[in-house]
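Every chain is numbered from 1, with letters handed out A, B, ... down the list of sequences.
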Amino acid sequence: MSKIKRHLITSALPYANGPLHLGHLAGAYLPADIYVRYLRLLGKDVLWVCGSDEHGAAITIRAKKDGVSPKVIIDKYHALNKNTFDALGISFDFYHRTSEEIHHKTSQDFFTKLYEKGDEFIEKVVEQYYDVAFNQFLADRYITGTCPKCGHTEAYGDQCESCGSTLSPTELIAPKSVLSGEAPILRETKHWYFRLDKHADWLKEWIETGILDGKQHHDPNSWRKHVTGQCLSWLNSGLQPRSITRDLDWGISVPLKDAEGKVLYVWFDAPIGYISATKQWALENGKDWESYWKGGEEVELIHFIGKDNIVFHCIVFPAMLKAHGDFVLPRNVPANQFLNFEGQKFSKSRGWGLEQHEYLQEFADFPNKEDALRYALLRTLPENKDSDFKWDEFVDFHDKDLADNLGNFLNRVMVLSHSYFNGVVPPAPSNWSEPLQRVFDIVEQWKTEMEKFSFKAASQSFMDVSSWGNTYLQENAPWSLYKANPTDPRIAEIMFTGLQVSAILAIMAEPFIPFTSKRINAMLGLNALPAESLRLFLNESVKQPFISSGSLLGTPEVLFPKIIDRKDTSRLSIIEKQKAKLQAIMEEEKDTSFPPLKPNITFDDFAKLDLRSGIILEAAVVPKADKLLVLKVDLGFEIRTIVSGIALHFSPESLTGKKVVVVANLEPRKLRGIESQGMLLLAERGTGELVFVGADQPMEGGWVVK
RNA sequence: GGCGCGAUAGCUCAGCCGGUUAGAGCGCAGGAUUCAUAAUCCUGAGGUCGGGAGUUCAAGUCUCCCUCGCGCUACCA
């Protein structure tokens, strides 16, 4: 019934300014790899593209910091990420990069096509910071200043990395150009905006009902709830035109005469990277890229991403594709939630978490390290809610599932087959498939789960087959039969069945733990499973044996030496080292860390401050704001209204009568509609604790503090 | 404050369009077994499905309110 002939799979393009951590792997790459390997097992026509996202200001900043060209940065991280993926068995069909010429051309053509439609873009002139000395406009990331929220002195124009708040450049206190170090000036510049608002109606219908152009495009119930939920939340709050150009010299130039010095916003060109990657792959492999991107109903497009990318892949990019015309839209976007690490968020600055390439280095001596990691992540994939990677669970999954259940079953079958039949597969009973009925049922269920992107559930089914095998051996106890009569024909039947289960496990293992799958095949004496029988096995009700009678088995080996092993503590010590590392970070953070001193100021700078003592007369919460209190403060000579962001630390009642120090000559500013005429001085330490400055001195309002 | 997602056995989580005694894995208790990596198999104990109200013949599953967690967003002069 399905018209699908080709599967086009994408994974979010990693940004090439740093390494990726285990959370990224679990979010967009491992699940896609599992799905793609599964489709390949079925013999489907599959194309999985990904690549490095190499534009954007963050890369140029990083380059400037390191004193190298952007090219050096992207080459470094493109290579690192590509090689690490490769080492972990992440089997992209093509891993491209957005700095390639073909991508620039594709993106520009895309832009031009939309531009020529006339009504997809609007032009707007806006005021933006400009560096006079360097004669150029400054992208958000090219401006630093003091964060208005936490006081961090090196906040970027779009984000403060100290407190994590999202900012806009004009919010920064004392903005400074990263280029010249000078204060930038505001100057007008023109930008192009993509009219997302124009596409709101059909997007809403498409997300809500799965109907596109009057036809059922996909089943909306097959999309994860948090995905449709977030999209509808966006759609309901109204779509705005979105700026798609930037004043920057690194990126894809905007292909218009009056757009000198402007490039496409990295978010506009990055998803087009999926298309250009397909083009390059097609060129190198003699294929037709359009049969994937413009194949209509014959194509299933799936985007694998993390939840931070949902809006882009479900709203912005589809709108771009639809505006362009001809392109297919995603049938599903199985976005994962976030993976935490031992209870906390991954944090590069804290050193909390583990990067992919670090894992490979630090587990260099760990047997089967790739599959051990893949399996641990698989079992804890954040498919529907945030999940947590824990080393204790890593050990459990490895020892209980991979070693005790799977590894031990295969070992039992091998050892028994060798001792009873000298490593030769015994003759097949005439009703060979009968005892395997239950296994076939589990495989069917496994297929359903794989196709629903429920990989965690599918991994359970995989283990169920192995468990079934263990039970089967236990109940039929060939060792007892052998003791009673070594030529009992039932022994051959039992071992034949056990070997078929082993082969089925090798197949099911392939998407999850591909390195092990190969080793199982080798152990079973199969170079690779014959593609044809595999296809029959998975696609048809007709089953046939995978290992034929008379063929020779390989030598048994222990697939997964356990981590918790009395005789050999080497693997456990690798894990213990990881746990110790985290422990050390926590210990260190217990001692309050002191923020670095700000640059010296002159006495004159200091003298500009006018500090006065005051007494809080009344305090109240500001409606519709979580953190704000509005205070009446008596300065002796007048009563001021001051809005302060301390609602999370103090209740209004506890503040009346409190003695405080006030910055009395601060420029008034409106906060949530209330004019704040000053600022309270508070001391804060690393733990987040807040206390009032000078609170217990015997002074009434009006004293001058200096 | 607004919006989204979540809250189910000690732990980690499944439970589709509401329908018989609420499931799995791990852990725990008891038993069986010895081919195997101190592995395996069986049995059992364990939940008023975050709290409250409502709709219904019937609610973990739908509606409303509340509490807590996560994310986005507004807000920290």
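Using a 3.5 Å distance cut-off with no hydrogens or angles, the side chains of A/Asp488 and A/Tyr482 do not pair a donor with an acceptor. Looking only at atom types and distance, the side chain of A/Lys307 has a donor-acceptor partner in the side chain of A/Gln337 under 3.5 Å away. Between A/Ser222 and A/Lys452, the side chains place no donor N or O within less than 3.5 Å of an acceptor N or O (distance only, hydrogens not considered). Looking only at atom types and distance, the side chain of A/Gln230 has no donor-acceptor partner in the side chain of A/Arg224 under 3.5 Å away.
One can place CG of A/Asp308 at 18 Å from P of B/rC70, the figure rounded to the nearest angstrom. Taking atom CH2 of A/Trp391 as the reference point, atom P of B/rC11 lies 23 Å away to the nearest angstrom. The CG atom of A/Leu629 sits 15 Å away from the C1' atom of B/rA77 (whole-angstrom rounding). Spacing between atom CG of A/Asn309 and atom C1' of B/rG4 amounts to 17 Å, rounded to whole angstrom units. For A/Glu449 and B/rC13, the CD to C1' distance is 14 Å, given to the nearest whole Å. At whole-Å resolution of the value, CG in A/Leu377 and P in B/rU12 are 18 Å apart. The CZ atom of A/Phe560 sits 12 Å away from the C1' atom of B/rU37 (whole-angstrom rounding). Between the P atom of B/rA38 and the CG atom of A/Asp565 lies a distance of 7 Å, rounded to the nearest Å.
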Nucleotide by nucleotide, nucleotides 23-30 of chain B touches protein heavy atoms under 4.0 Å in the pattern (B base, S sugar-phosphate only, - none) ---SS---

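Residue A/Ser467 has a polar side-chain atom (N or O) positioned under 4.0 Å from OP1 or OP2 of B/rC41. At the phosphate of B/rG4, neither OP1 nor OP2 sits under 4.0 Å from any side-chain N or O atom of A/Lys307.
Within the shown strands, B/rA53 is the pairing partner of B/rU63 under the Watson-Crick or G-U definition, both distances less than 3.5 Å. The partner of B/rA39, taking Watson-Crick or G-U wobble pairs whose two distances both stay under 3.5 Å, does not exist in any strand shown. As the counterpart of B/rG23, B/rC13 is assigned, both hydrogen-bonding distances of the Watson-Crick or G-U wobble pattern falling under 3.5 Å. Under the Watson-Crick or G-U wobble criterion, with both distances below 3.5 Å, B/rC28 is paired with B/rG44. Under the Watson-Crick or G-U wobble criterion, with both distances below 3.5 Å, B/rG1 is paired with B/rU73. Figure legend. B/rG6 is base-paired to B/rC68; pairs are counted as Watson-Crick or G-U wobble with both atom distances under 3.5 Å. Base pairing annotation: B/rU33 forms no Watson-Crick or G-U wobble pair, as no partner gives both donor-acceptor distances under 3.5 Å.
Position along RNA chain B of the nearest nucleotide to A/Thr471 versus A/Phe338 favours A/Thr471 as the more 5'-ward residue.
A distance of 5.0 Å separates CD of A/Gln578 from CZ of A/Phe363, quoted to the nearest 0.5 Å.
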Look for any protein N or O under 3.5 Å of an N or O in nucleotides 6-8 of chain B and output each such pair with its distance, or none.
from	atom 1	to	atom 2	distance (Å)
B/rG6	OP1	A/Lys225	NZ	3.3

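Which of B/rA77, B/rC35, B/rA38 sits closest to the side chain of A/Lys567 comes down to B/rA38. Side chain of A/Leu416, nearest nucleotide from B/rC35, B/rC3, B/rC41: B/rC35. Candidate nucleotides B/rA38, B/rU12, B/rC35 were compared by shortest atom distance to the side chain of A/Val415, and B/rC35 ranks first. The side chain of A/Gln474 lies closest to B/rA32, out of B/rC3, B/rA32, B/rA77. The A/His226 side chain lies nearest to B/rC5 when the options are B/rC5, B/rU37, B/rC41.
With contacts defined as side-chain heavy-atom distances shorter than 4.5 Å, the pair A/Ile547/A/Phe496 does not qualify. In this structure, A/Gln240 and A/Asp197 have side chains that are not in contact, with every pair of non-hydrogen atoms separated by 4.5 Å or more. Looking at heavy atoms from C-beta onward, A/Ser570 lies out of side-chain contact with A/Asp365 at the 4.5 angstrom threshold. Looking at heavy atoms from C-beta onward, A/Leu25 lies out of side-chain contact with A/His21 at the 4.5 angstrom threshold.
A glycosidic torsion no more than 90° from 0 defines the syn conformation; B/rG15 lies beyond that range and is anti.
Remark: the separation of the P atoms in B/rG27 and B/rC62 is 33 Å, to the nearest Å. Distance noted for atom C1' between B/rA59 and B/rA53: 14 Å (whole Å). For B/rA22 and B/rC41, the P atoms lie 26 Å apart once the distance is rounded to whole Å. B/rU63 sits 16 Å from B/rU56 when the P atoms are compared, rounded to a whole Å. Of the C1' atoms belonging to B/rG4 and B/rG44, the separation is 42 Å, rounded to the nearest Å. B/rA45 and B/rC28: their C1' atoms are spaced 9 Å apart (whole Å). Using atom C1' as the reference point in both B/rU33 and B/rG50, the two lie 44 Å apart (nearest Å). Atom name P, nucleotides B/rG18 and B/rG25: the rounded distance is 28 Å, in whole Å.
Residues in residues 450-475 of chain A take part in these ring pair (Phe, Tyr, Trp, His ring centres under 6.0 Å) pairs, two or more places apart or across chains: A/Tyr35-A/Phe453, A/Phe304-A/Phe453, A/Phe462-A/Phe512, A/Trp468-A/Tyr472.
Annotation for A/Trp206: atom CH2 counts as buried by contact number, over 12 foreign heavy atoms lying within 6.0 Å.
Among the heavy atoms of the strands lying under 4.0 Å from A/Gly229 are primed sugar atoms or P, OP1, OP2 only; no base atom is included. Nucleic acid contact class of A/Leu666 (heavy atoms, under 4.0 Å, all strands): sugar-phosphate only. Nucleic acid contact class of A/Gln337 (heavy atoms, under 4.0 Å, all strands): sugar-phosphate only. Residue A/Leu559 is in base contact, counting any heavy-atom pair closer than 4.0 Å across all strands shown. A/Val558 comes within 4.0 angstrom of a nucleotide base, judged by non-hydrogen atoms across all strands. A/Ser644 comes within 4.0 angstrom of the backbone, heavy atoms only, and of no base. If you check every strand for non-hydrogen atoms under 4.0 Å, A/Lys483 touches sugar and phosphate atoms only. Among the atoms of the strands shown, only primed sugar atoms or phosphate atoms (P, OP1, OP2) are found under 4.0 Å from some heavy atom of A/Asp404. The residue A/Tyr482 sits apart from the nucleic acid: no heavy atom pair falls under 4.0 Å.
Using modelled atom types, no side-chain atom of A/His303 and backbone atom of A/Cys314 make a donor-acceptor pair closer than 3.5 Å. Although no hydrogens or angles enter the test, the distance criterion places a donor-acceptor pair under 3.5 Å between the side chain of A/Asp371 and the main chain of A/Thr516.
Applying the salt bridge (Lys or Arg N to Asp or Glu O under 4.0 Å) test between A/Lys562 and each of A/Asp404, A/Asp396, A/Asp399 identifies A/Asp404 as the sole match.
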